[in-house]
Engineer: 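The structure follows.
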Amino acid sequence: MTFDLVIAGGTLVTAAETIRADVGVIGDTIAALGHGLTGAARIDADGKLVLPGGVDPHVHLDMPVGATRSSDDWETGTIAAACGGTTTVIDFVEPDLGGSLAAGLAARRAEADGKSVIDYGLHMTLRRGDAQTLDQVPEAMRAGCASFKTYMTYEGFRLNDAELLAALEAVGAAGGLVLVHAENDAAIERGRRKFMEAGQTAPRFHPRSRPAPVEAEAIERALALAEVAGCPLYVVHTSTGRGAEAIARARARGQRAYGETCPQYLVLTDAEYERPGFEGAKFVCSPPLRPADNPPILWRLLAAGGLQTVGTDHCPFFYEGQKELGRAAFTDIPNGLPGIEARLALLYTFGVGQGRLSLNRWVEVCCTAPARIFGLYPRKGTLAPGADADIVIFDPDREVTLSRAVLHERTDYTPYEGLALRGYPVMTVARGRVLVEDGKFVGAKGRGRFLARGLS
Ligand code: URP
Ligand code: ZN
Ligand code: ZN
């Protein structure tokens with residue numbers, strides 16, 4: 001049999017095993033794994049790791065935030081993702097208040113289609129917990145959005161406990177999954193007001209206005225409400241050891257709960273907020289970066305299965321002109337960090353390279369588990385006959401110092417500036433076509449397709 005493309009001689013790493021084999025691709029799909037495969041095109045992967053394309057379950061491209069928008073659109077953001085070895089992203093629909101979920105989905109797809117260079121899915125945001133909104137949950141599921149985002153804070157998005165419980169019941173009854181941004185809104189509002197009234201307006205007061213118990217309490221509460229409602233719950237961007245331990249305990253009790261953390265909570269700390277002048281604004285995200293005793297707990301639980309996934313929560317802004325909107329008040333700094341590109345490499349250097357994650361667990365948390373949890377597996381997230389030919393060739397010895405210059409994200413800074421990495425993607429293939437070669441995007445705008453997702 002002759003394949004369209006053979007990736008030859010690499011070390012294949014999946015969540016389950018590490019083997020030497022060739023990958024044979026026909027069209028969009030992996031057709032065979034084996035030895036001595038021949039094809040019309042051949043890529044030599046000797047000495048390299050060959051992985052399933054990364055699946056980033058949490059990104060915000062071209063997202064309205066207050067008076068501005070996140071600075072990567074669907075084209076620039078997905079090119080950056082592909083350059084970092086991610087071949088699938090899941091973003092969010094944020095329907096207009098008063099508009100239907102279906103209209104929100106159509107509008108969001110219109111923004112992505114024709115631009116996204118990689119396949120994408122969409123979580124549906126529930127901005128209200130009233131009957132009129134929740135009655136639309138089954139229709140949204142039929143349209144391919146089987147996961148529903150809820151917020152316990154943020155004006156215009158926050159659901160109170162009664163509304164969150166109703167949302168959990170409706171989604172649970174329909175067979176879907178609820179994602180939750182878990183922070184205690186009352187405590188945040190009180191903290192923000194206290195600092196602002198005292199004239200403490202600098203970025204360093206952002207983390208102080210939402211300390212660890214603010215997240216931990218809300219995670220515990222969301223878990224309890226999900227248990228009452230009988231709905232699976234996915235906690236996004238878990239930043240604290242306390243919050244992560246709550247998720248791990250719920251799982252140990254048998255609850256269908258999943259925890260995501262992000263590279264920024266694993267490799268950065270709240271010391272960044274002490275930078276001179278307004279520089280700390282570059283690190284303002286919610287939940288905030290945490291004291292140095294948190295990352296070791298997150299790493300431990302990520303390795304041991306208490307946490308399941310690593311998403312980026314990529315929500316980039318330019319420092320100049322966007323983060324600067326909050327020069328007079330930290331409460332006006334747009335929340336979010338860039339990070340869509342370096343996820344695989346950061347987790348390799350600081351996870352695998354430092355003995356915190358096995359190779360297989362690295363692939364599991366970055367590729368396989370997000371695909372499984374969000375209804376994309378085995379089409380995405382693994383290397384197997386029948387799967388989409390989304391493949392990353394990763395050089396475990398490539399040394400890269402992260403900087404704006406090496407990344408493709410549309411911002412004027414990276415929070416990871418100067419970090420020295422060993423191990424970096426050198427080629428990304430999506431549905432059988434080479435998208436990125438040696439850090440250069442060679443794919444086509446708009447080739448990415450919407451992934452309608454059901455849950456099994
Ligand atoms: O600060 C953050 N994380 N911004 C993005 C929106 C969210 O809360 O996930
Ligand atoms: Zn959030
Ligand atoms: Zn987010």
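Please read these numbers as outputs of a predicted model, since none were measured by experiment. Whatever order the structure lists ligands and atoms in, that order sets their numbers, starting from 1.
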Engineer: Suppose I only count heavy atoms of Cys285 and a 4.0 Å limit; which atoms of ligand 1 are within that range?
Structural biologist: 1 (O)
Engineer: With heavy atoms of His181 as the reference, note each atom of ligand 1 found under 4.0 Å away.
Structural biologist: 8 (O)
Engineer: Using a strict 4.0 Å cut-off to heavy atoms of Cys315, name the atoms of ligand 1 that fall inside it.
Structural biologist: 5 (C)
Engineer: Output yes when the distance from some N or O of ligand 1 to some N or O of His60 is under 3.5 Å, and no in every other case.
Structural biologist: yes
Engineer: Any N/O/S atom, backbone or side chain, of His181 lying under 2.8 Å from the Zn ion (ligand 3)?
Structural biologist: no
Engineer: Can you tell me the N, O or S atom of Asp313 that's nearest the Zn ion (ligand 3)?
Structural biologist: OD1
Engineer: Decide if the gap between the ring center of Phe441 and the ring center of His408 is smaller than 6.0 angstrom.
Structural biologist: no
Engineer: Using 2.8 Å as a strict upper limit, say whether an N, O or S atom of Cys315 approaches the Zn ion (ligand 3) that closely.
Structural biologist: no
Engineer: Using the benzene-type ring in the case of Trp, are the ring centres of Tyr348 and Phe394 under 6.0 Å apart?
Structural biologist: yes
Engineer: Which ligand 1 atoms does Asn335 reach within 4.0 Å, using its non-hydrogen atoms?
Structural biologist: 1 (O), 2 (C), 4 (N)
Engineer: Can you report which non-hydrogen protein atom sits closest to atom 8 (O) of ligand 1, along with the distance?
Structural biologist: Tyr154 OH, 2.9 Å
Engineer: Between Glu245 and Arg242, is there a side-chain N and carboxylate O pair less than 4.0 Å apart?
Structural biologist: no
Engineer: For the residue pair His60 and His58, categorise the inter-ring angle as parallel (less than 30°), tilted (30 to 60°) or perpendicular (more than 60°).
Structural biologist: perpendicular
Engineer: Counting heavy atoms not belonging to Arg275, are there more than 12 under 6.0 Å from its CZ?
Structural biologist: yes
Engineer: Give me the residue, atom name and distance of the protein heavy atom closest to atom 3 (N) of ligand 1.
Structural biologist: Asp313 OD2, 2.6 Å
Engineer: If the plane angle is over 60° it's perpendicular, under 30° parallel, otherwise tilted; pick one for Tyr234 and Tyr258.
Structural biologist: tilted
Engineer: Verify whether the ring centers belonging to His181 and His237 lie closer than 6.0 Å.
Structural biologist: yes
Engineer: Below 3.5 Å, N or O to N or O, backbone or side chain included: is there any such pair between Tyr151 and ligand 1?
Structural biologist: no
Engineer: For atom 1 (O) of ligand 1, what is the nearest protein heavy atom, given as residue, atom name and distance?
Structural biologist: Ser286 N, 2.7 Å
Engineer: Please tell me whether Trp74 and Tyr120 form a close aromatic pair, meaning their ring centres lie under 6.0 Å apart.
Structural biologist: yes
Engineer: Are His206 and Phe283 close enough that their ring centres sit under 6.0 Å apart?
Structural biologist: no
Engineer: Can you name the N/O/S atom of His237 that is nearest the Zn ion (ligand 2)?
Structural biologist: NE2
